[in-house]
Amino acid sequence: MPKALITGVTGQDGSYLAEALLKRNYEVVGMVRRSSTVNYERIAHIQDSIEFVNGDLLDQISLIDAIKLHEPDEIYNLAAQSFVQTSFGQPVLTGETTALSVTRMLDAIRIVNPKIRFYQASSSEMFGKVAEVPQNEATPFYPRSPYGVAKVYGHWITVNYRESYNLHASSGILFNHESPRRGLEFVTRKISYGAASIKLGLEEKLSLGNLDAKRDWGFAGDYVEAMWMMLQQENPDDFVICSGMTHSVREFCDLAFSHLGLNYKDHVVVDEQFFRPAEVDLLVGDYSKAQKVLDWNPTTTFKDLVTMMVEADVALLQRRLKGLT
Ligand code: NAP
Ligand code: GDD
């Protein structure tokens, strides 16, 4: 039975990846950091099938000990300070967590067992002020946030350790991917939850920032499959994973509200506090390399994604109103 260690198992992607690996009969070890309350909401349904290990990306010894104790065949490094807006307010923490911790993990692998296969969660945010449209594996990086800068570091240190120490280390350059398990502060979930709250009469308005930003949005469940596929290749490499389509925040609002019989123009208000010091205006990727080498394809359309998220939030709020959760 292969064994995988997932950092960030309590996050959106960690929960979908754990599910996908359990279905493939993996032993799944989830690394969790200490917090004052248990935070297993996204993995509650599979919690009994996961083995947990304490560790923090900021603490080198905890990473080494986790690997020594559990002897994984594969490590998926999904943990990060992942919210772009927060990275402007906490740039040093973001650098420590999202950038330098990748080196901590790679060193832990190098020291304990260099045969472990490693996946790094790179990001389309690295393309930032895009040099070309669409973006592929050869597109130069121009990050526009401390988060994007940190991810560029994490990406290149993964390439460097692959070339220096012959590690099986791959990076997935993933474009935005969403789901009903997305954090509430990210724009898609903020919209689906906001629209559902308005529909049920719990709120009247939804405050957002830049409605003209465009993103290449896909479904997280599809994207974690690509992570696994990368580590099954004979040789490590980097792959862009995306839908190949781009839509604005405004279009997301339009679809989400109209699915509930509402007009977003009656409810969405633009609030300067949600604008960023530097913005990424447009992202749209080209996943032809992943299609050719991994045989990976996205399966969820933009419309299906928006519908899935809105319906899940309506159901969630209805359960809450009935006192069931
Ligand atoms: P997420 O929901 O924000 O989850 C982040 C995870 O990191 C959580 O489990 C969090 O644990 C953990 N974490 C944060 N700081 C940590 C620390 N110091 N030590 C240990 N664990 C720590 O993020 P996601 O959307 O699943 O994204 C997964 C990864 O993919 C991230 O690296 C993100 O930057 C990257 N990425 C995401 C997207 C996307 O669109 N979702 C696109 C490209 C790349 P707690 O639960 O304890 O907070
Ligand atoms: N969060 C948020 N809240 N974003 C808003 C809002 C708002 O109220 N209003 C407009 N936006 C715009 C942002 O300015 C940005 O242009 C876009 O919506 C998407 O914002 P987020 O959903 O916060 O995601 P992101 O693109 O900044 O970052 C996500 O995707 C990256 C991949 O490109 C995160 O998941 C990153 O971790 C990931 O690497």
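Ligands are counted one by one from 1 in listed order, and the atoms in each one are counted from 1 as well.
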Within-shell test, Arg182 vs ligand 1, heavy atom, strictly < 4.0 Å: yes
Within reach of ligand 1, part of Tyr147 (heavy-atom separation under 4.0 Å): side chain
Enclosure of Asp59 CG (heavy-atom neighbours >12, cutoff 6.0 Å): yes
Closest to atom 36 (C) of ligand 2 (judged by heavy-atom distance), picking from Ala121, Ser82, Gly11, Ser124: Ser82
Proximity flag Arg182 to ligand 2, non-hydrogen atoms under 4.0 Å: yes
Min N/O separation Asp13 to ligand 1 under 3.5 Å: yes
Contact check, Phe275 vs ligand 2, heavy-atom distance below 4.0 Å: no
Of the listed options Leu174, Val187, Val84, Asn176, closest to atom 24 (O) of ligand 2 (non-hydrogen atoms): Asn176
Ser122, portion touching ligand 1 at heavy-atom distance under 4.0 Å: backbone
Heavy-atom nearest neighbour of atom 18 (O) of ligand 2 within options Val249, Leu206, Leu211, Asp216: Val249
Heavy-atom gap Phe186 to ligand 1 smaller than 4.0 Å: no
From CA spacing to verdict: ring pair (Phe, Tyr, Trp, His ring centres under 6.0 Å), Tyr142, Phe127: CA-CA 5 Å; Tyr142 190 149; Phe127 296 124; over 10 Å; no
Thr7 heavy atom under 4.0 Å from ligand 1: no
Within reach of ligand 2, part of Glu279 (heavy-atom separation under 4.0 Å): side chain
Among Leu106, Leu78, Asn77, the one residue meeting side-chain contact (heavy atoms from CB on, under 4.5 Å) with Gln120: Asn77
Sub-4.0 Å heavy-atom approach of Gln85 to ligand 2: no
Under-4.0 Å heavy-atom contact with ligand 1, by part of Arg33 that carries it: side chain
Minimum-distance protein heavy atom relative to atom 31 (C) of ligand 2: Ser123 OG, 3.8 Å
Any side-chain donor near an acceptor of the partner, Ser124 and Gln135, under 3.5 Å: no
Met229 atom CE, over 12 foreign heavy atoms within 6.0 Å: yes
Audit row: Ser170, Leu231, side chain to side chain contact (heavy atoms under 4.5 Å, CB included) steps and yes/no: CA-CA 7 Å; Ser170 296; Leu231 295 206; 4.3 Å; yes
Close side-chain approach of Pro114 and Tyr165, heavy atoms under 4.5 Å: no
Donor + acceptor pair across side chains of Gln81, Thr94 (<3.5 Å): yes
Donor-acceptor contact present, side-chain Lys151 to main-chain Ser123, <3.5 Å: no
Non-hydrogen atom of Lys151 closer than 4.0 Å to ligand 1: yes
Protein residue, atom and distance nearest to atom 39 (C) of ligand 1, heavy-atom basis: His177 CE1, 3.3 Å
Top protein contact for atom 19 (N) of ligand 1, by heavy-atom distance: Leu57 N, 3.0 Å
Gly209 N/O under 3.5 Å from ligand 2 N/O: yes
For atom 8 (C) of ligand 1, the option (of Ile43, Thr98, Thr10) bearing the nearest heavy atom: Thr10
Top protein contact for atom 38 (C) of ligand 2, by heavy-atom distance: Tyr147 OH, 3.5 Å
Location of contacts on Leu283 toward ligand 2, heavy atoms closer than 4.0 Å: side chain
Criterion ring pair (Phe, Tyr, Trp, His ring centres under 6.0 Å) on Tyr161 and Phe118, from CA distance to verdict: CA-CA 11 Å; Tyr161 271 50; Phe118 177 75; 9.3 Å; no
Any N/O pair Arg276/ligand 2 closer than 3.5 Å: yes
Ligand 1 contact by Ala220, heavy-atom criterion under 4.0 angstrom: no
